[in-house]
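In what follows, a single structure is set out as structure tokens and then discussed.
We count ligands from 1, going down the list as the structure has it; atoms in each ligand are counted the same way.
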Amino acid sequence: MEQYAIKGGNPLVGEVEISGAKNAALAILAAAIMTDETVLIENVPDVRDTNVMMQAMESIGVVVNRIDRHTVKINASQVHDLVIEGDYIKKIRASYYLLGSLLGKYSKAEVVLPGGCNIGLRPIDQHIKGFRALGADVGIGYGRISAEAVKLKGNHIYMDVVTVGATMNVMMAAVMAEGTTVIENAAKEPHVVDLANFLNSMGANIKGAGTDVIRIKGVSRLHGTEYGIIPDQIEAGTFMFAAAVTKGDVTVKNVIPKHLESISAKLLEIGCEIEESDDAVRVVAAKPLGHTHVKTLPYPGFPTDMQPQITVALGLSAGTSIVTESIFENRFKYVDELTCMGANIKVESNTAIIDGVSKYTGAHITAPDLRAGAALVIAALAADGISTVDDIKYIQRGYEDFHLKLQHLGAQIDLVTTDREMQKFRLKVG
Ligand code: EPZ
């Protein structure tokens, strides 16, 4: 079993290149099947979730040609099946984007019900509501969700909650529907804008992405395009907090600083220095960290996907901090692991009350999901002594070369698979 072995205590110093955004890539890959012409996509992160998505696309006849590690050419002119099935696809939540894209192109689709990180109830009622509003019959049964329409027709759709997934899925389904679709209370995340830009580059007519009202005028067809995916806001934020927690000095490169504003603001509040340039942000943690309060919110608020990372930092900050999770109700599972490392955190419902401690101590811990897994690695990098992190398959879902990028910043972290490798690591780090 793969594990990370980590010896804490080294401040992270240097520069790190941020990969393409996983959550944009997943939707954009699915949307690439909406034309029969060839689509070239650059800056695709090489992570488990994007690879599973491409495997699912290949299973229905899409030709996925990897030009290099981060560039793929996609041609969907030979799609022979509109059913996405298989145990592997249940592992990713984003499989549901194939429902929107296949429905939008072929007026019919069937996908096994989505899995993904276990961070709380993850209903898909808003996706279903949107597809139905466009005229599709939607059914759930035998572990699958199916949607079918004679002809999709534009409609006015009000989302009851701000949801990234349903906003992007309904956008794809509506792109070639007859007439105009208006999505109100739409999500404004950077990946929503990226998907809209991608679809527009294929000939779609989408306006308002990035605001809470998106207008989509149906077009009769989409054409091929060449497109580069935006940098990953959450990967960048994770390295920014890694700098803060290890008292380091890290420049995250190839980022869009605007997407990182809520993260930079909290780092400033707890005493870090932030320097921004056109496509990079430097975080210097020269002073002891101070406390703050934070509530996760849809963009441009503080992202739920950064909640475990900020909690790890506040666990080492002077004073009492409060973190409120308002998006997913089960996203504090990692706190037990952090407690094993010496943190003093009490969770009540969707709130964590954190009394900062002066240090974490190395422990044997398990990643409960993707972002919490990354946050625990950061905690281990700051801890006294050696830690091992199990179930790193979750981290590999969304972070490309995580341990290699950390090593490059001076972290003592190895990926080990055997006891022998673990012993070697112990000898190496002394
Ligand atoms: C996306 O999940 C991301 N996943 C998540 O990233 C991220 O945490 C989340 O957005 C919020 O930013 C992907 O993009 C693949 P939502 P998604 O629909 O689309 C409720 C990561 O670590 N809701 O925006 O599933 C839902 O329960 C992950 O990369 C409904 O009620 O999230 C939640 O409370 C994990 N009905 C809120 O909306 C619906 O039909 C936001 O969910 C859909 C959602």
Side-chain angles (χ1 to χ4, degrees), residues 19-31 45 47-50 52-53 56 89 91-100 113-133 138 140 145 157-173 183 185-195 212 229-230 232-238 259 262-263 296-309 324-331 333-334 350 367-375 394-400 402:
S19 300
K22 173 196 72 132
N23 289 342
L26 289 166
I28 285 173
L29 286 167
V47 293
R48 201 162 62 105
D49 279 15
T50 51
V52 171
M53 176 59 93
I89 191 70
K91 294 190 189 121
I92 66 164
R93 177 123 197 111
S95 54
Y96 57 38
Y97 289 135
L98 289 166
L99 201 65
L113 280 166
C117 281
N118 180 11
I119 51 181
L121 281 176
R122 300 183 74 181
I124 50 169
D125 56 306
Q126 299 304 304
H127 302 239
I128 295 173
K129 171 176 156 172
F131 294 150
R132 286 194 175 136
V138 185
I140 295 187
I145 172 161
I157 300 158
Y158 179 85
M159 295 288 174
D160 298 325
V161 289
V162 178
T163 141
V164 173
T167 301
M168 302 221 274
N169 229 345
V170 172
M171 197 193 285
M172 286 190 273
I183 306 175
N185 200 23
K188 297 181 278 208
E189 267 66 4
H191 29 300
V192 174
V193 179
D194 210 29
L195 174 65
D212 42 25
I229 290 173
I230 52 165
D232 197 301
Q233 173 204 24
I234 305 301
E235 188 199 12
T238 301
H259 295 168
S262 64
I263 296 165
T296 63
L297 287 170
Y299 189 83
F302 191 86
T304 172
D305 290 348
M306 287 300 303
Q307 181 261 99
Q309 299 88 318
T324 308
E325 171 57 57
S326 75
I327 312 288
F328 292 111
E329 69 282 3
N330 197 10
R331 223 170 180 177
K333 279 183 299 177
Y334 63 92
N350 68 339
D369 62 65
L370 164 60
R371 305 303 172 187
Y394 290 115
I395 301 172
Q396 292 163 339
R397 294 179 69 145
Y399 290 90
E400 182 179 305
F402 194 43

Mind checking whether V161 has an N or O less than 3.5 Å away from an N or O of ligand 1? no
Are the side chains of Y299 and V164 in touch, meaning some heavy atoms are under 4.5 Å apart? no
Answer yes or no: is there a side-chain heavy-atom contact under 4.5 Å between T167 and E189? no
Are R397 and D49 within salt-bridge range, i.e. N to O under 4.0 Å? yes
Counting only N and O atoms by type, is there a donor-acceptor contact under 3.5 Å from the side chain of N185 to the main-chain atoms of Y158? no
Is there a heavy atom of E329 sitting under 4.0 angstrom from any atom of ligand 1? no
Do T238 and F402 have side chains that approach each other closer than 4.5 Å (heavy atoms only, starting at C-beta)? yes
Examine the proximity of ligand 1 to T163 and report which part, side chain or backbone, both or neither, has a heavy atom under 4.0 Å away. both
Looking only at heavy atoms, is any part of D125 under 4.0 Å from ligand 1, and if so is it the side chain, the backbone, or both, or is it neither? both
L370: numbered ligand 1 atoms lying under 4.0 Å from its heavy atoms: 21 (C), 22 (O), 29 (O)
As an exercise, identify every atom of ligand 1 less than 4.0 angstrom from a heavy atom of R331. 8 (O), 22 (O), 35 (C)
Give a yes/no verdict on whether any heavy atom in Y96 is under 4.0 Å from an atom of ligand 1. yes
Apply the side-chain hydrogen bond (donor to acceptor under 3.5 Å, both in side chains) test between T296 and each candidate in Q307, R331, E325; give the one that qualifies. E325
Just checking, is any N or O donor in the side chain of Y394 or R48 under 3.5 Å from an acceptor N or O on the other one? no
Is the backbone N or O of S19 less than 3.5 Å from a side-chain atom of E235, with the two atoms forming a donor-acceptor pair by type? yes
Could you tell me whether L26 and ligand 1 have an N or O pair separated by under 3.5 Å? no
For H127, the ligand 1 atoms whose distance to one of its heavy atoms is below 4.0 Å: 40 (O)
Taking N350 for the side chain and S326 for the main chain, is one N or O donor matched with an acceptor at less than 3.5 Å? no
Evaluating non-hydrogen atoms only, which member of Q126, E325, Q233 is closest to atom 40 (O) of ligand 1? Q126
Given F328, Y97, Y394, identify the one with the heavy atom nearest to atom 26 (C) of ligand 1. F328
Side chain D305, main chain I234, donor-acceptor under 3.5 Å: no
Find all atoms of ligand 1 within a distance of less than 4.0 Å from any non-hydrogen atom belonging to I124, and give their numbers and elements. 39 (C), 40 (O)
Ligand-residue contact atoms, ligand 1 with G165, heavy atoms, under 4.0 Å: 18 (O), 19 (O)
Going by the 4.0 angstrom heavy-atom rule, the piece of V164 near ligand 1 is both
Using a 4.0 Å cutoff against the non-hydrogen atoms of R93, which atoms of ligand 1 qualify? 25 (O)
Determine whether any heavy atom of G398 lies closer than 4.0 Å to an atom of ligand 1. no
Donor-acceptor pair, distance only, cut-off 3.5 Å: does the side chain of R132 make one with the backbone of V138? yes
I need the contact type for D160 against ligand 1. Using non-hydrogen atoms and a strict under-4.0 Å cut-off, is it side chain, backbone, both or neither? neither
In ligand 1, the atoms that come under 4.0 Å of a heavy atom of K22 are 21 (C), 29 (O)
Under 4.0 Å, heavy-atom basis, I'd like to know which part of D305 is in contact with ligand 1: side chain, backbone, both or neither. side chain
Modelled atom types, side-chain donor and acceptor of H191 and N23, under 3.5 Å: no
